2 protein chains.
Amino acid sequence: MAEPLKRLPALPIERALKVISGRWKAVILFHLFDGSKRLSELTRLLPDVSQKVLIQQLREMEFHGLVHREIFRQVPPRVDYSATPLGLSLEPFIMSLCEWGRRHASELGDADELSDCALANACERVSIRSS
Amino acid sequence: MAEPLKRLPALPIERALKVISGRWKAVILFHLFDGSKRLSELTRLLPDVSQKVLIQQLREMEFHGLVHREIFRQVPPRVDYSATPLGLSLEPFIMSLCEWGRRHASELGDADELSDCALANACERVSIRSS
DNA sequence: CGCCATACTTACCTCTTAGTGAGTATTGGA
DNA sequence: TCCAATACTCACTAAGAGGTAAGTATGGCG
């Protein structure tokens with residue numbers, strides 16, 4: 001994002017999709033729903049993402065109002081990332097999308113290709129929780 | 001999609017986002033929720049999309065089970081596109097995403113940048129309908 | 001025969017996104 | 001003085017999505 005000033009699409013649906021669809025954004029958000037995290041924690045939680053890309057995704061989400069960035073002037077430095085209310089408002093949405101993704105995989109016969117981890121099973125936990 | 005055989009992401013949430021986030025997919029789906037459409041109708045409904053890209057998006061959605069393509073062997077040829085049950089199951093989801101997009105725009109002070117059309121106001125119609 | 005409508009295909013180009021690897025900044029403490 | 005820890009930043013590259021413009025296929029019809 002050399003130019004974070006570029007406008008989001010004018011159609012609400014496109015705007016929403018644009019804001020949440022980055023390679024790692026949903027996964028990052030999922031972890032932030034759990035509470036604020038330091039960059040180094042996120043690096044550990046997402047070992048497949050390089051630091052540069054991680055920061056890039058976080059900055060875009062910060063710019064789009066989904067994530068709050070708080071700097072603690074210490075040595076060594078410390079920066080906390082957390083979900084804003086707007087970001088938190090995506091939680092039910094991300095969970096139901098996750099559920100839809102599982103349905104989609106099962107209807108297309110790809111269910112066995114799904115990974116099995118906290119995020120993959122998040123929607124189950126949610127439906128158990130809410131039942 | 002020279003290679004439509006490539007696998008979708010293993011995380012359900014990523015899979016779902018991958019499947020619905022193409023430049024025009026949500027908009028196309030919105031029109032298909034209304035009933036099946038010929039390619040020429042879609043071309044008229046989406047004047048900003050070139051035919052190539054339109055077909056591309058439709059084919060991807062067909063491959064991903066969201067859209068059904070029916071060929072009528074006539075002259076001139078006729079092809080109908082319609083939403084499958086799986087595609088239709090995205091309707092509430094797309095509508096709520098649309099609502100979220102409007103909220104996002106208003107919270108970021110971009111509300112005046114939103115366009116004003118059927119799709120932009122779809123979620124309103126839905127909430128009116130459901131109230 | 002040549003034209004029309006419809007639904008594509010193809011070649012090519014551009015712009016965005018993601019990814020790699022190395023470098024920078026800060027400052028307390030050995 | 002130099003190192004360690006943390007959080008970046010930069011230059012470059014690769015892949016992919018989307019866009020433009022032109023071409024193909026079919027078969028009825030004047």
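Each chain gets a letter, A, B and so on, in the order the sequences are listed, and its residues count up from 1. Only a predicted model underlies this, so the values are computations on that prediction, with no experimental measurement involved.
Using a 4.0 Å heavy-atom cutoff across all strands shown, A:Lys18 reaches sugar-phosphate atoms only and no base atom.
The residues A:Lys18 and A:Glu14 are annotated as not salt-bridged, no charged nitrogen and carboxylate oxygen being separated by less than 4.0 angstrom. Salt-bridge annotation for B:Arg7 and A:Asp110: absent, with no side-chain N of the basic residue lying under 4.0 Å from a carboxylate O of the acidic one.
Between the CD atom of B:Glu14 and the C1' atom of C:dT17 there is a distance of 15 Å, given to the nearest Å. For the pair B:Leu46 CG and D:dG18 P, the computed distance is 14 Å after rounding to whole Å. Here the P atom of nucleotide C:dA18 and the CE atom of A:Met61 are 11 Å apart, to the nearest Å. To the nearest angstrom, C1' of D:dA14 lies 15 Å from CZ of A:Arg23. One atom, CZ of A:Arg73, and another, P of C:dT27, lie 9 Å apart when rounded to the nearest Å. Residue A:Asp48 contributes atom CG, which lies 21 Å from atom P of C:dT17 at whole-angstrom precision. For the pair A:Phe72 CZ and D:dA7 C1', the interatomic distance rounds to 14 Å; values are reported in whole Å. What separates CG of A:Leu54 from C1' of C:dG19 is a distance of 13 Å, to the nearest Å.
Proximity of a side-chain donor or acceptor of A:Thr84 to a complementary backbone N or O of A:Gly65 within less than 3.5 Å is detected. Distance alone, capped at 3.5 Å, places no donor-acceptor pair between the B:Glu62 side chain and the B:His68 backbone.
Between A:His104 and B:His64, the ring planes lie perpendicular to each other; the angle is over 60°, past the 30° to 60° tilted range.
Inter-residue side-chain proximity for B:Val53 and B:Arg23 is flagged as unmet; no heavy-atom pair is nearer than 4.5 Å.
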- [ ] If a protein heavy atom is under 4.0 Å from the base, mark B; if only from the sugar-phosphate, S; if neither, -; do that for nucleotides 5-12 of chain C going 5' to 3'.
- [x] BBBBBBB-
